[in-house]
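Have a look at the structure below before the remarks.
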Amino acid sequence: MHIGQNLRVRFIWEKYGWRPLLLFALYDAFIGLLYGPLNIHWLDIPWQPVATLGTAVAFYIGFKSNASYSRFWEARQLWGAVVNSSRTWAGRALDFVRTPDDNYHYDSAELAAHRRLVYRHIAWVNALRLHLRRQTAELWQTDVVPFLLDPADHALGQANNPPAQLVIRQGHDLRRLSFDNMLTEFREVSMAETLRELNNHQGACERIKNTPFPRQYAFFSYVFVMIFALLLPLGLVEEFDHRVALGPYHVWLMVPFATLVSWVFHTIEKVGHNSENPFENLENDVSMSAICRSIEIDLRQMLSETDLPKPLQPVADVLY
């Protein structure tokens, strides 16, 4: 996710700039060559149909951009909810899991249970991040296993849905703590409700991930932009021919203007395309790595730990 006030010029040039600009400039210059020096004037078409098409394309790609941004914003709201539910889970684990004497000092059994529940939750948020980015097999050992204090949990990385399995393990742990009289029935239900919320957050994220942006909108948006870019110089060339009195080279003024307009339409379409899936670990996606690190710091501080990792820093104004 970009966090700078402005996009860097190099990023714009590499991601959105030189390829489409070069393509449009070469095509527009070719049309100018045919119309001007080669005197092939039958290529020109009336400007009014081109302008009407441009208006329709602008509405269409505007709709696509809004729909794509809605997917991103919903994903960001879901991860904000994950942050809140994570704090709730840790707070309830510390307050609810107590030995029967219920004094004000935690004994070793309580501390071990707190750490196990909280650390498994940190593993869950990292596992969810890897699951949404399809990186589970590669980074499971480094990003998840260090937080799994129960060796029986380590093999969950081979499951089809590791984060869902971790939530189930949390539920089993709550039941075991209830049998050990460290968790009352009411408190177990409250913590189970938090697990239900986490399951809902995960399911909503998976819905966005597994439901691609409708291909009919994405495909035809690109097709319409390219059709408009192809027709634009044919409609502009006569306008410059009749309305600009700059000598024999006036036709070439069509090239920069047609290139600029085509690039603007193409860029709007590409911005919408890049926002379709907010879980791809790209520059415009939800910064799940930074959110996971923030959750880890908050929850480990709640355990009174002091040896904490640093928050993730942006790379070239991009926070991943």
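Reckoned from all heavy atoms, side chains included, excluding hydrogens, waters and symmetry mates.
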**Request:** For the residue pair Gln170 and Asp173, confirm or rule out a side-chain donor-acceptor distance under 3.5 Å.
**Result:** no
**Message:** Let's go through Glu197 and Trp89 carefully: what are the C-alpha distance in whole Å and the side-chain angles of both, what is the deciding distance for side chain to side chain contact (heavy atoms under 4.5 Å, CB included) to 0.1 Å, and is it a yes or a no?
**Reply:** CA-CA 10 Å; Glu197 293 177 3; Trp89 172 261; over 6 Å; no
**Asked** Glu188 and Ser178: side-chain donor and acceptor closer than 3.5 Å?
**Response** yes
**Request:** Indicate whether the side chain of Arg71 and that of Thr211 have a donor and an acceptor atom separated by less than 3.5 Å.
**Result:** no
**Request:** For Glu206 and Gln202, test the side chains for any donor-to-acceptor distance below 3.5 angstrom and give the result as yes or no.
**Result:** yes
**Prompt:** Among side-chain atoms of Thr194 and Arg92, is any donor-acceptor pair under 3.5 angstrom?
**Reply:** yes
**Asked** If you look at every heavy atom in Val125 and Ser86, which pair is closest and at what distance?
**Response** CG1-OG, 4.0 Å
**Request:** Fit a plane to each ring of Tyr69 and Trp73, take the angle between them on a 0 to 90° scale, and name the class: parallel (under 30°), tilted (30 to 60°) or perpendicular (over 60°).
**Result:** parallel
**Test item: side-chain donor near acceptor, Arg196 and Asn199, under 3.5 Å** = no
**Request:** Among Ile, Leu, Val, Met, Phe, Trp and Tyr joined by side-chain contacts under 4.5 Å, find the other residues sharing a cluster with Ile297 and list them by chain and number.
**Result:** Leu308
**Prompt:** What is the minimum heavy-atom distance between Ala93 and Val118, and which atoms define it?
**Reply:** CB-CG2, 4.4 Å
**Asked** Out of Phe224, Tyr222, Phe59, Phe228, which residue meets the ring pair (Phe, Tyr, Trp, His ring centres under 6.0 Å) rule with Phe265?
**Response** Phe228
**Request:** Indicate the atoms forming the closest heavy-atom contact of Ser190 with Phe96, along with that distance.
**Result:** CB-CE1, 3.7 Å
Taking only distance into account, with no hydrogens and no angle test, what donor-acceptor pairs under 3.5 Å do side-chain atoms of residues 148-155 form with protein atoms, sequence neighbours excluded?
from: Asp150; atom 1: OD1; to: Ala152; atom 2: N; distance (Å): 3.1
from: Asp153; atom 1: OD1; to: Arg169; atom 2: NH1; distance (Å): 2.5
from: Asp153; atom 1: OD2; to: Arg120; atom 2: NE; distance (Å): 3.0
from: Asp153; atom 1: OD2; to: Arg120; atom 2: NH2; distance (Å): 3.2
from: His154; atom 1: NE2; to: Leu148; atom 2: O; distance (Å): 2.9

**Complete:** Closest non-hydrogen atoms of Pro278 and Asp285, given as atom of the first, atom of the second and distance, are O-CB, 3.1 Å
